[in-house]
> 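To start, I am sharing the structure in question, which I have written as structure tokens.
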Amino acid sequence: GLQGTRADAIALNVSDVVEHGEAGFQFHFEDRTMAKMRAGTGEFRAPYVVTYAAEYEHTDLSKPPPGPFNLTVVCIPTAPGWSRAIIFQGKQKGLHGARASADSHAKDVESGEPQPKSKMSLVSLVFGLVPVWLVHLFSNRFLDSDLAFLHYQEKEVASRDSLADPTRAYYMPAPADIPIVTLRRWIGRHAQVLGPLPPPTMERERLLDRWNQHTAHCVHCQRGVLTIGKWRRNTLVTLAVSALASRWLAARILAAACVGVLPLLGLIDQQFKYVDYKHYQNH
């Protein structure tokens, strides 16, 4: 998989569901990912915000405890049947960060002693060096895995004439099904759907069209497309020059390296446009 392995698979324990009427609901969950147990709270804030906040089990006491898991997804409707997902992970800069910084400064003044600064983890440092467009490519891959699966579930619901009450189309007795049932119940009670939704998208090329759904609107990925294009042109020029100087061993080695790099750059460029996703190839 993209986040864990089949060895991580355990029964997902969901409990303590609290419904807040039209404002949404929240629940407690426990699962395992990347060989680590995790427990926390999930929340649906109507009409289109989903948040997760969890802590990982600290098993190796010789190491500092793992950082918390924080994920916020804002799904903003853009057209009938379509939404734009905006994802925040970890602590975000902004109003909350500024408030936290101000509160911390206030505590420093009251105590008269500077508070120790938190150190960035190695993972945070590494990700800070990775281009944003590369992070987006992986994020889109992760979203595609859910998009394809959920899309065909919706098609199956439609084929069973159960769009009005999807809970009748599936038998969902497991604790992990509780948030889905609760969300469907919330939609039936509180969601105001203005007119019929368009028919499901059948073509995978449209469903997983990464260019029109993301790249064309993202300044970071547009920059990535330009960067990859520049690298390809430079690699082609280097290959041509190396071919002209092929009587030297160093030139032949450089030419071979260019031949190996060009397909890789082409593969990365394709990631900005369209990449099919098949679950049986990711396990």
Side-chain angles (χ1 to χ4, degrees), residues 3 10-33 37-56 67-100 103 139-140 142-158 160 162-198 200 213-214:
Q3 184 173 347
I10 60 172
L12 179 62
N13 183 24
V14 175
S15 60
D16 301 329
V17 177
V18 179
E19 298 188 51
H20 302 297
E22 65 179 13
F25 61 90
Q26 66 185 53
F27 57 90
H28 177 80
F29 71 93
E30 297 175 0
D31 67 352
R32 181 170 59 194
T33 179
M37 295 298 297
R38 179 175 62 181
T41 301
E43 183 177 4
F44 166 61
R45 303 176 189 171
Y48 45 62
V49 178
V50 177
T51 65
Y52 292 94
E55 300 284 344
Y56 291 99
F69 172 79
N70 294 288
L71 180 68
T72 300
V73 182
V74 182
C75 298
I76 303 175
T78 57
W82 291 87
S83 294
R84 174 166 293 126
I86 302 175
I87 302 173
F88 305 91
Q89 188 164 10
K91 296 181 179 180
Q92 301 298 319
K93 295 180 180 179
L95 293 177
H96 295 289
R99 175 63 182 273
D103 290 345
S139 300
N140 277 307
F142 191 86
L143 288 173
D144 286 347
S145 67
D146 289 333
L147 181 64
F149 180 69
L150 296 175
H151 170 72
Y152 283 99
Q153 279 192 322
E154 292 291 323
K155 287 174 60 178
E156 182 64 25
V157 169
R160 301 182 186 184
S162 300
L163 286 176
D165 184 10
T167 57
R168 292 189 297 107
Y170 291 99
Y171 178 57
M172 297 184 287
D177 299 321
I178 295 176
I180 305 302
V181 174
T182 307
L183 176 62
R184 291 293 189 177
R185 186 164 57 237
W186 182 92
I187 292 174
R189 291 175 179 174
H190 305 290
Q192 302 296 322
V193 180
L194 303 178
L197 295 176
Q213 293 179 18
H214 178 83

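Computed from a predicted structure; not experimentally measured. Along the sequence shown, the residues carry numbers beginning at 1.
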> Would you say H28's side chain and G40's backbone share a donor-acceptor pair under 3.5 angstrom?
yes

> Yes or no on side chain to side chain contact (heavy atoms under 4.5 Å, CB included) for M172 and R184, after CA distance, side-chain angles and deciding distance?
CA-CA 12 Å; M172 297 184 287; R184 291 293 189 177; 5.8 Å; no

> Is there a donor-acceptor contact under 3.5 Å from the side chain of W186 to the main chain of F25?
no

> Could you check T72 against V49 for side chain to side chain contact (heavy atoms under 4.5 Å, CB included), going step by step and ending with a plain yes or no?
CA-CA 7 Å; T72 300; V49 178; 4.0 Å; yes

> Report the residue from V17, V18, D16 that forms a side chain to side chain contact (heavy atoms under 4.5 Å, CB included) with F27.
V17

> If you compare all heavy atoms of A176 against all heavy atoms of V14, which two are closest, and at what distance to 0.1 Å?
CA-CG2, 4.0 Å

> Show your reasoning for whether side chain to side chain contact (heavy atoms under 4.5 Å, CB included) applies to V73 and L71.
CA-CA 7 Å; V73 182; L71 180 68; 4.2 Å; yes

> Taking the side chain as everything from C-beta on, heavy atoms only, tell me whether M37 gets closer than 4.5 Å to E55.
no

> If you measure from CZ on F29 to OH on Y52, what distance do you get to the nearest 0.5 Å?
7.0 Å

> If you look at every heavy atom in P77 and S83, which pair is closest and at what distance?
CA-OG, 3.7 Å

> Distance from I87 atom CD1 to S139 atom OG, nearest 0.5 Å?
6.0 Å

> Working to the nearest 0.5 angstrom, can you tell me the gap between Y48 OH and I76 CD1?
5.5 Å

> Decide side chain to side chain contact (heavy atoms under 4.5 Å, CB included) for V50 and V74; before the verdict, give the C-alpha distance in whole Å, the side-chain angles of both, and the deciding distance to 0.1 Å.
CA-CA 7 Å; V50 177; V74 182; over 6 Å; no

> Report the distance from atom CZ of F69 to atom OG1 of T33, rounding to the nearest 0.5 Å.
8.0 Å

> To the nearest 0.5 Å, how far apart are CG in D144 and CG in N140?
6.0 Å

> Is there side-chain contact between Q213 and R84, with at least one heavy-atom pair below 4.5 Å?
no

> Do any pairs count as a salt bridge (Lys or Arg N to Asp or Glu O under 4.0 Å) and have a residue in residues 20-32, sequence neighbours left out, and if so which ones?
D31-R38

> Just verifying a value: how many Å separate E43 CD and T51 OG1, rounded to the nearest 0.5 Å?
4.5 Å

